[in-house]
Amino acid sequence: MGEISSTQDNQSTVAYRQLRRLLMFSQIRPGVRLAEKEWAQRLGVHRSALREAMILLAHEGLLRPGRRGGYFTPLLEQRDLDEVMQVRTIIEVGALRLIGARPPAEEESRLTTACDAMQQMLDAGFELGFAEADRRFHTLLVELSHNDRLIAIHDRAPLPLMPSRLADPAARHQAALQTIREHRDIARLTQERRIAEAIETLERHLNTAHQLVPVF
């Protein structure tokens, strides 16, 4: 009995992590019902394990329960997008202030490495890879705060990246290049301990981030 329960728990965790990743990177269209049979097969888990994962994701706000059962991806309004940016700004600006309170450290070079990864993904035309490298940069900012509670809040918060609103491929590419330039500026200013300038650049970047995340 314990072995069966352990297997169920493991499958629930797998389903939760994989589905959360897709939702956090806006890889599933809004307003879509996630059919249990289909998604259990796609994720390679039992339907009961998938249901447990969906309950957790609904509790986080990344899914919403339907009136007649089942779960749907939420339809985000402008207010939702604004709130995501506001929360990200509060968390990441706070992280920068904590970083600035300490002497520069070699580990901060990881920010530049994350920028390099973004450039590589852009050059390869790999949409999800670019989005993950983008997310990794912002996650690193929070991790470099060395504040475990702030890191936990950031990790658990339902703050999905939004797809670009730019229709023209050339414009999306330029927006991606701008994102990388701004990330490099934030990394450099942080390592130089020009924290006020780093915060200003970060706030400007986040204010338009939902327009700068490219969809190739």
Side-chain angles (χ1 to χ4, degrees), residues 11-47 49-66 70-85 87-88 91-92 114-115 117-140 142 154-169 171-180 183 205-206 208-216:
Q11 289 204 356
S12 297
T13 300
V14 168
Y16 170 79
R17 289 176 177 173
Q18 293 187 17
L19 196 51
R20 192 178 198 274
R21 174 174 175 265
L22 293 172
L23 293 167
M24 289 292 282
F25 289 103
S26 298
Q27 295 299 298
I28 308 174
R29 290 185 298 106
V32 172
R33 185 180 188 276
L34 302 184
E36 282 188 11
K37 182 178 180 180
E38 174 191 349
W39 278 94
Q41 291 175 344
R42 290 177 66 171
L43 300 178
V45 299
H46 296 305
R47 292 176 68 171
L50 177 65
R51 278 194 293 271
E52 289 183 12
M54 287 180 168
I55 290 170
L56 289 174
L57 291 166
H59 181 70
E60 293 181 9
L62 290 171
L63 290 176
R64 64 174 181 82
Y71 290 92
F72 293 75
T73 52
L75 292 167
L76 300 180
E77 300 178 354
Q78 187 60 48
R79 175 182 175 181
D80 300 305
L81 305 182
D82 292 343
E83 287 183 353
V84 167
M85 287 303 114
V87 173
R88 289 186 62 188
I91 291 174
E92 294 180 34
C115 295
M118 289 178 67
Q119 186 66 60
Q120 292 169 1
M121 294 299 103
L122 178 63
D123 293 342
F126 184 20
E127 172 196 345
L128 184 55
F130 182 94
E132 288 179 327
D134 184 354
R135 171 74 70 178
R136 182 58 183 156
F137 177 89
H138 292 278
T139 298
L140 275 171
V142 180
H154 178 264
D155 288 347
R156 296 168 186 167
L159 304 173
L161 287 175
M162 303 303 167
S164 176
R165 297 178 180 178
L166 300 173
D168 179 60
R172 293 202 302 269
H173 185 83
Q174 289 302 312
L177 290 174
Q178 180 180 340
T179 295
I180 295 171
H183 280 200
H205 169 66
L206 290 178
T208 56
H210 62 284
Q211 296 179 339
L212 300 181
V213 178
V215 176
F216 298 95

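Note that the CZ atom of F126 and the CD atom of Q120 stand 12.5 Å from one another [nearest 0.5 Å]. The CZ atom of F130 sits 10.0 Å away from atom CG of D123, with the distance rounded to the nearest 0.5 Å. Of the inter-residue distances, the one linking L19 atom CG with L62 atom CG reads 9.0 Å to the nearest 0.5 angstrom. Note: L75 CG to R29 CZ = 10.5 Å, rounded to the nearest 0.5 Å. Atom CD of E60 sits about 9.5 Å away from atom CZ of R156, to the nearest 0.5 Å. Rounded to the nearest 0.5 angstrom, E36 CD and M54 CE are separated by 6.0 Å.
Nearest heavy-atom pair, A15 versus V45, reported as atom, atom and distance to 0.1 Å: CB-CG2, 4.0 Å. When all heavy atoms of F25 and Q27 are compared, the pair lying nearest together is O-NE2, 2.9 Å. Across all their heavy atoms, A40 and R47 have their closest contact at CB-CG, 3.8 Å. Nearest heavy-atom pair, Y71 versus A58, reported as atom, atom and distance to 0.1 Å: CE2-CB, 3.6 Å. Here the shortest heavy-atom pairing between A53 and S12 reads CB-O, 3.8 Å. Shortest non-hydrogen contact noted between A114 and L140 is CB-CD1, 4.0 Å.
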Practice problem: Report the C-alpha separation of H183 and D134 in whole Å, then their side-chain angles, then the decisive distance to 0.1 Å, and conclude whether the side chain to side chain contact (heavy atoms under 4.5 Å, CB included) test is met. | Solution: CA-CA 9 Å; H183 280 200; D134 184 354; 3.1 Å; yes
Quiz prompt | Worked check of side chain to side chain contact (heavy atoms under 4.5 Å, CB included) between I180 and M121 | solution = CA-CA 11 Å; I180 295 171; M121 294 299 103; over 6 Å; no
Exercise. Begin with the C-alpha distance, continue with both residues' side-chain angles, and end with the deciding distance and a verdict on side chain to side chain contact (heavy atoms under 4.5 Å, CB included) for L50 and Q11.
Key: CA-CA 8 Å; L50 177 65; Q11 289 204 356; over 6 Å; no
Exercise. List the steps and the verdict of side chain to side chain contact (heavy atoms under 4.5 Å, CB included) for E132 and R21.
Key: CA-CA 9 Å; E132 288 179 327; R21 174 174 175 265; 2.5 Å; yes
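The shortest distance between side-chain heavy atoms of L43 and V14 does not fall below 4.5 Å. Contact check for V142 versus E92: side-chain heavy atoms found under the 4.5 Å cut-off. A 4.5 Å side-chain heavy-atom check between L122 and T179 finds every atom pair outside the cut-off. Side-chain contact check for V87 versus I91: some heavy-atom pair is nearer than 4.5 Å. Considering only heavy atoms from C-beta on, Q174 stays 4.5 Å or farther from D168 through its side chain. The shortest side-chain heavy-atom distance between H154 and T139 falls under the 4.5 Å cut-off.
Classification of the H205-H138 ring pair by plane angle, with boundaries at 30° and 60°, yields parallel.
Counted within 6.0 Å of CZ on R17, heavy atoms from surrounding residues, nucleotides or ligands total 12 or fewer; the atom is thus considered open.
Comment: R79 engages E83 in a salt bridge, judged by a side-chain N to carboxylate O separation of less than 4.0 angstrom.
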